[in-house]
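Data first, discussion second: the structure below is written as structure tokens.
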Amino acid sequence: MPDHATATAKVAVFVSGTGTNMAALLYASRLPGSPYEIALVAANDPAAPALALARAEGVPTFALAHAGMAREDHDAAMERAARDAGAQYIVLAGYMRILTPGFVGRWEGRMLNIHPSLLPAYPGLDTHARAIAAGDSYGGTSVHLVTEELDAGEILGQIAIAIQPGDTPAALAARVRLAEHQLYPRVLADFVSRWNDPQHLLARVRTLALALPRTHERESHGAPGFRVGTEKSGKFFAHFSDRHHGAPHVSLLVKCAGLDELETLVEAQPHAYHKPAYYGASGWIGVILNRADLDWDDVAHWLRRSWQQVAPKSIAGLLDTADAS
Ligand code: GRF
């Protein structure tokens, strides 16, 4: 993952056929300011036209026919090629293979797919014919995260495409393809930039903080904060800080055990923790959120710990102490 704001994210694109989406992704990546670059185009069919296009454009390629290979072995070879190319994300663009759960698990949250329907409608094949036969007014395209269940991961972006009277699956597919070429580069660019996007980071923090018992959100000195207890007498257990007082970080301020723990963590892991202005002196540690290798389980853990420390005795039992320690 990019470890500073100017690095571009490296992406491996997996294809099986024509690769018009791969081409759209590639050409968009060559516009100034693209946050991603295509580090590899890999195919399960050595004759895929997408490979020739990538080669002509100077993009490294990898091809391995899957026939006669165990699914695990083929996946492993594709994955190795992606890792060797330094890929931080895998993008499926017309890759007509079901991936093994192990592979999907290792790339969870870092593998995207494009599907020619408005998911959750019409997962699987023949989407255009099915939408036309059902009399739908719209078909569409969706970019989603890849999970074990086919075409079912979080939807990252969609475009609806009107179905015209007399439309054929082929005619609709051609318009869907045009929309896909707009959608995929935009969604991918946004996705690889998420780690440094304060709005995205705040949304995730909010979800985790408000999932804890008896919590609510309250602004504090113009910044979002989260309290435990009643609206009237609750206490803050977390503050969201977006580059405050000239700090380069977007961070989450939570209560730690005290200044000793704070100083130790900041010294040992300066990329992950900082001592916030003002708050630091009273035992609030800054957990740096805008770093590409952030582990959200750690953030959840800090929130629970801080909640536990601040919650009034009467409700502290609502969170399992063992969980929060
Ligand atoms: C696209 O329609 C995509 O939605 C589906 O496969 C097709 C790939 O087309 N997953 P191309 O190879 O990118 O032209």
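Heavy-atom basis, side chains included; hydrogens, waters and symmetry copies ignored. Counting convention: from 1, in listed order, for ligands and their atoms alike. We count residues from 1, following the sequence as given.
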From E154 CD over to L119 CG, what is the distance, rounded to the nearest 0.5 angstrom? 12.5 Å

Closest heavy-atom pair and its distance - V143, V187: CG1-CG1, 3.6 Å

Linking I/L/V/M/F/W/Y whenever any side-chain heavy atoms sit under 4.5 Å apart, do L259 and V254 land together? yes

Against the six-membered ring of W307, is R304 placed for a cation-pi contact (under 6.0 Å from the centre, within 45° of the normal)? no

Show the protein residues that qualify under the rule heavy atom under 4.0 Å from an atom of ligand 1, listing them in chain and number order. T18, G19, T20, N21, G94, I114, H115, P116, R177, E180

Quick one: which residue pairs count as a salt bridge (charged side-chain N to carboxylate O under 4.0 Å, His left out) with a foot in residues 199-223, not counting sequence neighbours? R206-E217, R218-E231

Using the rule that Ile, Leu, Val, Met, Phe, Trp and Tyr join whenever any side-chain heavy atoms are under 4.5 Å apart, tell me whether V59 and L92 fall into a single cluster. no

